[in-house]
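For reference, the structure discussed in these notes is given below.
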Amino acid sequence: MSMLTGRRIAFLATDGVEEIELVQPWRALESEGATVTLVSLAEGRIQAFNHDTEPADTFEIDAVVSKVSADDFDALVLPGGTTNPDKLRQNSDAVQFVQMFAASGKPIGVICHGPWTLVEADAVRGRTLTSYPSVRTDIRNAGGTVVDEEVVVDRGWVSSRNPDDLPAFCRTIIREFAGAAGTQQPAMAVT
């Protein structure tokens, strides 16, 4: 049996998501048996990008964020791209969904600019994470601690800086999502 058989994982994303930060973790989680659901702001498809500027593939939405709950899933992934989290943090349903996840103690994986949505949800206070450099001041201003590491694990949350960190990010979210959700572990860098 695979490590994530029976686990339901939500990916929250919208137009502007960095394609590799959506696709690579998605495939890694599915390869371990997880059921993965693309949650977005509206029905239809979202437009992914490469390097924030080059249109890439489009992806069919599985569920609309206003119609789902954190109770429907075992873990959450917040991919980056600059436009994606900027749009998500301006949508009250997306912010509420992230707040529910943060309050639930369930694991969250976040990469690159993805922490912007966590900042908007007032969820980073007292947490240690990493992110793309331009997001770090926002995390600090919201009460979080930022470290510059490939992967940081803090009480079930896994964060990484950019697409170069994806191999380590994917390995770590698999491990964290397979383990007990919401365990109180100290923040640590993982290489």
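Heavy-atom basis, side chains included; hydrogens, waters and symmetry copies ignored.
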Within a strict 4.5 Å, meaning less than it, do heavy atoms of the [X] and [Y] side chains meet?
X    : Y    : answer
I111 : L78  : no
V77  : W26  : no
I108 : V158 : no
V64  : V68  : no
P107 : W157 : no
P25  : I173 : yes
Q47  : V17  : no
V152 : T128 : yes

Minimum heavy-atom separation for [X] to [Y], with atom names?
X    : Y    : value
T172 : A168 : OG1-O, 2.7 Å
F97  : A10  : CZ-CB, 4.1 Å
R175 : M3   : CA-CE, 4.3 Å
D52  : G81  : OD1-CA, 3.4 Å
H113 : S134 : NE2-OG, 3.3 Å
E150 : S160 : O-OG, 2.8 Å

From CA spacing to verdict: side chain to side chain contact (heavy atoms under 4.5 Å, CB included), N84, F49:
CA-CA 10 Å; N84 167 55; F49 281 79; over 6 Å; no
Distance from E60 atom CD to S40 atom OG, nearest 0.5 Å?
11.0 Å
In Å and rounded to the nearest 0.5 Å, what is the CD1 to NZ distance from I46 to K87?
10.0 Å
Results of salt bridge (Lys or Arg N to Asp or Glu O under 4.0 Å) for R136 - residues two or more places apart only:
D148
Can you name the residues that form a side-chain contact (heavy atoms from CB on, under 4.5 Å) with [X], not counting sequence neighbours?
X   : answer
T37 : V39, D62, A63, F73
T35 : none
N91 : L41, V65, D93, A94

Run the side chain to side chain donor-acceptor pair (under 3.5 Å) test on W116 and D86 for me, step by step, so that the C-alpha distance in whole Å, both residues' side-chain angles and the decisive distance to 0.1 Å come before the verdict.
CA-CA 7 Å; W116 267 339; D86 193 46; over 6 Å; no
Which pairs with one or both residues in residues 14-25 pass side chain to side chain donor-acceptor pair (under 3.5 Å), sequence neighbours excluded?
none
Output side-chain donor-acceptor pairs under 3.5 Å for residues 117-125, partner residues at least two apart or in another chain, one line each.
residue : atom : partner : partner atom : Å
D122    : OD1  : R125    : NH2          : 2.8

Shared ILVMFWY cluster between [X] and [Y], side chains joined below 4.5 angstrom?
X    : Y    : value
Y132 : F169 : no
I61  : L12  : no
L76  : L129 : yes
I139 : V153 : no
L4   : L166 : yes

Under a 4.0 Å N-O cut-off, is there an ion pair linking D74 with R7?
no
Please determine whether the number of non-hydrogen atoms from other residues, nucleotides or ligands lying under 6.0 Å from atom [atom1] of [X] exceeds 12.
X   : atom1 : answer
F59 : CZ    : yes
E43 : CD    : no
R45 : CZ    : yes

If only atom types and distance count, is the side chain of S69 paired as donor or acceptor with the main-chain N or O of D71 below 3.5 Å?
yes
So, the side chain of T130 versus the backbone of V147: is there a donor-acceptor pair under 3.5 Å, distance only?
yes
Test V95 against Q90 for side chain to side chain contact (heavy atoms under 4.5 Å, CB included), laying out the working first.
CA-CA 8 Å; V95 172; Q90 295 178 63; over 6 Å; no
Between V110 and the options P79, P85, P115, S131, the side-chain contact (heavy atoms from CB on, under 4.5 Å) test singles out P115
